[in-house]
Amino acid sequence: RRAELQVSQERNGLLAADAVRTSLRARLTEADAQRGEAIARVDQLQLKADCHAERGMQLANKLRRLEGLLAAARRESDQVATLRQSCGQRSEELATSRVK
């Protein structure tokens, strides 16, 4: 009778250990799945960040080109203003010389 009790207790212990092992395997499988999902999400975010960085560089280059065009337009505007002033002075000189 004692031997039967001991065998029964050992069997129950083995069944409990097997249940714990099965539970741990299930938890490990779930953790692996979550890890895979997290890695996929990180990869997706990295790709998105790379796209944003590329777009940022494109916009920075465009801004530099526009700043260059603006500087050229300002220089041209200054030249036009200088020419207008020069032409205005020349017109006055001509008008004054005709009067004399």
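Please read these numbers as outputs of a predicted model, since none were measured by experiment. Heavy atoms only: backbone and side chains are in, while hydrogens, waters and symmetry mates are out.
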A.B. asks: Partners of R1 by side-chain hydrogen bond (donor to acceptor under 3.5 Å, both in side chains), sequence neighbours excluded?
C.D. replies: none
A.B. asks: Contact between Q58 and N61 at the side-chain level, heavy atoms closer than 4.5 Å - yes or no?
C.D. replies: no
A.B. asks: Other than L66, what residues sit in its cluster of Ile, Leu, Val, Met, Phe, Trp and Tyr side chains whose heavy atoms are under 4.5 Å apart, directly or through others?
C.D. replies: L69
A.B. asks: Are any side-chain N or O atoms of T29 and backbone N or O atoms of R25, one a donor and one an acceptor, separated by less than 3.5 Å?
C.D. replies: yes
A.B. asks: Side-chain atoms of residues 2-12: list all donor-acceptor pairs with protein atoms under 3.5 Å, sequence neighbours left out, distances to 0.1 Å.
C.D. replies:
{"residue": "N12", "atom": "ND2", "partner": "S8", "partner atom": "O", "Å": "3.4"}

A.B. asks: Mind checking who shares a hydrophobic cluster with L24, ILVMFWY linked at side-chain heavy-atom distances under 4.5 Å?
C.D. replies: V20
A.B. asks: Which salt bridge (charged side-chain N to carboxylate O under 4.0 Å, His left out) pairs, counting each pair once, include a residue from residues 33-58, with sequence neighbours left out?
C.D. replies: none
A.B. asks: Restricting to side-chain hydrogen bond (donor to acceptor under 3.5 Å, both in side chains), what partner residues turn up for R74, sequence neighbours left out?
C.D. replies: none
A.B. asks: From L70 CG over to R75 CZ, what is the distance, rounded to the nearest 0.5 angstrom?
C.D. replies: 9.5 Å
A.B. asks: Got a sec, which residues hit side-chain hydrogen bond (donor to acceptor under 3.5 Å, both in side chains) with E30, two or more places apart in sequence or on another chain?
C.D. replies: Q34
A.B. asks: Mind checking what makes side-chain hydrogen bond (donor to acceptor under 3.5 Å, both in side chains) contact with R21, not counting sequence neighbours?
C.D. replies: D18
A.B. asks: Please set out all donor-acceptor pairs under 3.5 angstrom arising from side-chain atoms of residues 76-87, sequence neighbours excluded.
C.D. replies:
{"residue": "T82", "atom": "OG1", "partner": "D78", "partner atom": "O", "Å": "2.9"}

